[in-house]
Amino acid sequence: MSIFGKSKKELEIIGNYLTVLYKEKRMSQTMSILNNLGRELIGSDRCSFWCVDTKSDTLWTIEAHNVDRIVIPKGSGLVGYAIDNNETVIVNKPYKDKRFNSDVDKKTGYKTKSILVMPVTDSKNHVIGAYQAVNKLHGKKFKQRDVKKLLISAVMLGKILEADILYNSAVEDQLTRLKNRRGFYDFYESYIAPNASTCNNCVIMCDIDFFKKFNDTYGHNAGDAVLRHVANVFRENIRVDDGVFRWGGEEFIFLLPNTETVDAAKMAEKLRKAIEDSVCHFEDLDLHVTMSFGVHAVSPDATVDENVKLADEMLYRAKENGRNQVQTA
């Protein structure tokens, strides 16, 4: 018996493999396989997975071919329309459709000729994301039969996203909506500890410069707004396999699996600049924030707390040297 061009046995093998990958916490690899599966099943040039981020009212790509993470306002474009209406959308002349958002094409130089967007739901039929296919190959048009072929990848994606959302809600800091300390230790034991002796992993410790001044000058509500703003910037700039956590107060910590120190330093600099270039809007105020970062490679011979202390020492050095900078061992 054949389903979507795959035998029942092939689908079982694919499903089992994806389950193993997800349990081993290799989210990016799992998403990449699912993405390629959908792309091959319907014969499209590109596919992408979109996640609904209710914390920042945005939509962003968990996985996308040949492009960095794309972030758009919730409700915008054909992806936003499909999600808001829980409706599969097929558009073979997107530039003539008022719902189409051409901003991504303008930034990347890519020419979108046809689009298929399928909303992804959880077990309660709540829309939590979308699967988008772009440009049917060989100049063809997307049709309803492509929707049926894409369904298998969309269903698998929904299950993985729902499991991830449920776990995240259990280890969430209520103010910033990032993971809390419990989430940090869980992440360390799942992602870092098992391969600490065979892979390069890094810790980034950071805090908001002169945070007390925001509370003293504008009140604690302003300080809370700054914390939420920083968390949103972090969410938009980290990779899917990285972990970001609120450590306490104005301190945050990152765990970067399979990452060289030089690359972790580049990530910290990217985050530092993103914060510096952003503006926190609070009531009628525009608040400008800077942060200091300390980067350290995880030592396989040290405990989790000892590794945190090593990164904290680099953060202390950044603050001692003038703040708004990255220090690496």
Side-chain angles (χ1 to χ4, degrees), residues 14-15 17-19 21-42 44-80 82-84 101 104 107-108 110 115-123 126-134 150-169 172 177-179 183 187 190-191 231-244 254-259 267 270:
I14 292 170
Y17 182 50
L18 291 174
T19 301
L21 284 177
Y22 182 68
K23 285 181 177 179
E24 291 181 358
K25 305 295 184 181
R26 284 182 275 173
M27 175 71 86
S28 61
Q29 192 173 351
T30 308
M31 293 300 182
S32 180
I33 291 172
L34 272 177
N35 209 5
N36 285 322
L37 172 63
R39 182 166 164 255
E40 291 179 11
L41 286 174
I42 65 173
S44 67
D45 181 47
R46 296 183 179 184
C47 282
S48 56
F49 292 142
W50 293 78
C51 175
V52 177
D53 190 341
T54 57
K55 301 161 188 172
S56 60
D57 284 332
T58 58
L59 308 174
W60 50 271
T61 51
I62 307 171
E63 169 71 21
H65 284 105
N66 301 321
V67 292
D68 294 329
R69 175 176 291 183
I70 302 168
V71 181
I72 61 174
K74 189 178 178 183
S76 67
L78 289 167
V79 172
I83 288 173
D84 286 350
N101 182 354
V104 176
K107 290 179 182 178
T108 63
Y110 187 77
I115 297 178
L116 189 165
V117 186
M118 177 182 291
V120 172
T121 59
D122 60 16
S123 57
H126 296 147
V127 180
I128 55 177
Y131 196 174
Q132 176 179 249
V134 178
L150 199 62
L151 184 61
I152 182 173
S153 293
V155 170
M156 289 180 179
L157 171 63
K159 290 185 178 298
I160 291 173
L161 273 182
E162 182 175 18
D164 202 52
I165 290 169
L166 288 172
Y167 168 73
N168 288 339
S169 65
E172 186 178 88
R177 309 293 292 274
L178 297 177
K179 293 187 182 74
F187 190 103
S190 297
Y191 285 71
N232 287 337
V233 174
F234 286 164
R235 268 190 291 269
E236 292 176 3
N237 286 278
I238 63 169
R239 302 167 302 185
V240 68
D241 284 339
D242 296 336
V244 55
F254 294 78
L255 288 172
L256 279 57
N258 302 313
T259 304
M267 170 62 79
K270 176 184 176 183

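- Between E236 and W60, every side-chain heavy-atom pair lies at or beyond the 4.5 Å cut-off.
- Qualifying side chain to side chain donor-acceptor pair (under 3.5 Å) partners for S123, counting only residues two or more places apart in sequence or in other chains: E162.
- Here the closest heavy-atom approach between residue V117 and residue A82 is recorded as CG1-CB, 3.6 Å.
- Residues G129 and V52 share a closest heavy-atom pair of N-CG2, 3.8 Å.
- If you run side-chain contact (heavy atoms from CB on, under 4.5 Å) between L150 and each of L116, L41, V155, only L116 comes through.
- Under the side chain to side chain donor-acceptor pair (under 3.5 Å) criterion, N101 pairs with no residue at all, not counting sequence neighbours.
- In terms of the side chain to side chain donor-acceptor pair (under 3.5 Å) criterion, residue partners of D242 (sequence neighbours excluded) are, by chain and number, R239.
- Taking OG1 of T54 as the reference point, atom CD1 of I128 lies at 11.0 Å (rounded to 0.5 Å).
- By the 4.5 Å heavy-atom criterion applied to side chains, R39 and N36 are counted as neighbours.
- A distance of 4.5 Å separates CG in L34 from CZ in F49, rounded to the nearest 0.5 Å.
- Taking T58 as the reference, S56 meet the side chain to side chain donor-acceptor pair (under 3.5 Å) condition, with sequence neighbours excluded.
- The CD1 atom of I72 lies 12.0 Å from the CG atom of D53; values are rounded to the nearest 0.5 Å.
- Although no hydrogens or angles enter the test, the distance criterion places a donor-acceptor pair under 3.5 Å between the side chain of N35 and the main chain of C47.
- Note that CE of M267 and NZ of K270 are 5.5 Å apart. Values are rounded to the nearest 0.5 Å.
- Between the side chain of T259 and the main chain of P257, a donor-acceptor pair closer than 3.5 Å is present.
- Take E172 and apply the salt bridge (Lys or Arg N to Asp or Glu O under 4.0 Å) test, not counting sequence neighbours, and it matches K55, R177.
- Side-chain contact check for N258 versus Y191: every heavy-atom pair is 4.5 Å or farther apart.
- To the nearest 0.5 Å, the span separating CD on Q132 from CD1 on I70 amounts to 8.0 Å.
- For R46 (side chain) and A133 (main-chain N/O), no donor-acceptor pair under 3.5 Å exists by modelled atom type.
- For the atom pair CZ (F254) and CG (L178), the distance works out to 8.0 Å, reported to the nearest 0.5 Å.
- Here V127 pairs with I83, N86, P119, T121 under the side-chain contact (heavy atoms from CB on, under 4.5 Å) rule; sequence neighbours left out.
- Using a 4.5 Å cut-off on side-chain heavy atoms (C-beta onward), V134 and Y110 make contact.
- Without hydrogens or angle criteria, S169 side chain to L166 main chain gives a donor-acceptor distance under 3.5 Å.
- Nearest approach of L59 to V79, heavy atoms of both residues: CD1-CG1, 4.1 Å.
- Nearest approach of Y131 to S153, heavy atoms of both residues: CE1-CB, 3.2 Å.
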As a quick check of understanding, evaluate side chain to side chain contact (heavy atoms under 4.5 Å, CB included) for V104 and K107, giving each step before the final call. CA-CA 5 Å; V104 176; K107 290 179 182 178; 5.8 Å; no
